[in-house]
Amino acid sequence: CTAISSASVFNIESWYLSISENTGVPEIWRFEKQQWRMGKSLFDDRESYRRNSPFNYVEKISIPLLLWTGENDKQINPKQSISFYLALRRMQKKGVLLVYPKETHSLVLKQNQIDLYNRVRDWLAYFLKGEKSDWVNQAIN
């Protein structure tokens, strides 16, 4: 078993209380009325926000995670993915973080698209099929 996450949101509470680099407005709207559909503010329903934040469950993660983000992602701050990776490593979990320079929320540079494709393919083959991969083996050990 394994999982892959791109532009990971790790700590919902901290992201809720941040300013969008794209628009310059607080991210609150994204949670209350848009994409996250929480329906209430963090302060009106802390438990729902806590339940939906991976930050609160790192110690329970039992599968290897491949995380990736664009270095210049202005939609979801790359620090969310970096924090997720650092928490995994601190808890001695298997995880790898790929940060693509000069990329934003989506990979547009062909060489990065190819690299990510190959790494995802290798990652899945390693953990789901038992195939060998030098880079995966080195990255998780």
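Residues meeting the side chain to side chain contact (heavy atoms under 4.5 Å, CB included) test with Lys74, sequence neighbours left out: Glu21, Asn22. Taking the salt bridge (charged side-chain N to carboxylate O under 4.0 Å, His left out) definition, one finds that Arg50 meets it with Glu47, sequence neighbours left out. Applying the salt bridge (charged side-chain N to carboxylate O under 4.0 Å, His left out) rule to Glu32 yields no partners; only residues at least two apart in sequence or on another chain are considered. Partners of Leu124 under the side chain to side chain contact (heavy atoms under 4.5 Å, CB included) rule, at least two apart in sequence or in another chain, are Thr2, Ile4, Val120, Leu128. Here Ala125 pairs with Glu131 under the side chain to side chain contact (heavy atoms under 4.5 Å, CB included) rule; sequence neighbours left out. In terms of the ring pair (Phe, Tyr, Trp, His ring centres under 6.0 Å) criterion, residue partners of Tyr16 (sequence neighbours excluded) are, by chain and number, Phe31, Tyr49. Remark: Ile61 engages Leu65, Phe84, Leu88 in a side chain to side chain contact (heavy atoms under 4.5 Å, CB included) (not counting sequence neighbours).
For the atom pair Leu107 CG and Leu98 CG, the distance stands at 9.5 Å (nearest 0.5 Å).
Closest of all the heavy-atom pairs between Ala7 and Ile76 is O-CD1, 3.4 Å. In plain terms, the two heavy atoms of Asn11 and Gln80 that are nearest each other are N-OE1, 2.8 Å. Residue Trp15 comes nearest to Gln75 through the heavy atom pair CZ2-O, 3.5 Å, listed as atom of the first residue, atom of the second, then distance.
Screening residues 50-69 for ring pair (Phe, Tyr, Trp, His ring centres under 6.0 Å), with sequence neighbours left out, gives Phe10-Phe55. Within the structure, ring pair (Phe, Tyr, Trp, His ring centres under 6.0 Å) contacts touching residues 110-134 (residues at least two apart or in different chains) are Trp123-Phe127. Here salt bridge (charged side-chain N to carboxylate O under 4.0 Å, His left out) pairs that include residues 54-68, with residues two or more places apart or in two chains, number zero. Identified under the salt bridge (charged side-chain N to carboxylate O under 4.0 Å, His left out) test for residues 87-109, with sequence neighbours left out: none. Applying the salt bridge (charged side-chain N to carboxylate O under 4.0 Å, His left out) rule to pairs touching residues 108-124 yields Asp115-Arg119, sequence neighbours excluded.
The environment of CD in Gln111 is crowded: more than 12 heavy-atom neighbours from other residues, nucleotides or ligands sit within 6.0 Å.
In this structure, the side chain of Ser53 does not engage the main chain of Asn56 through any donor-acceptor pair within 3.5 Å.
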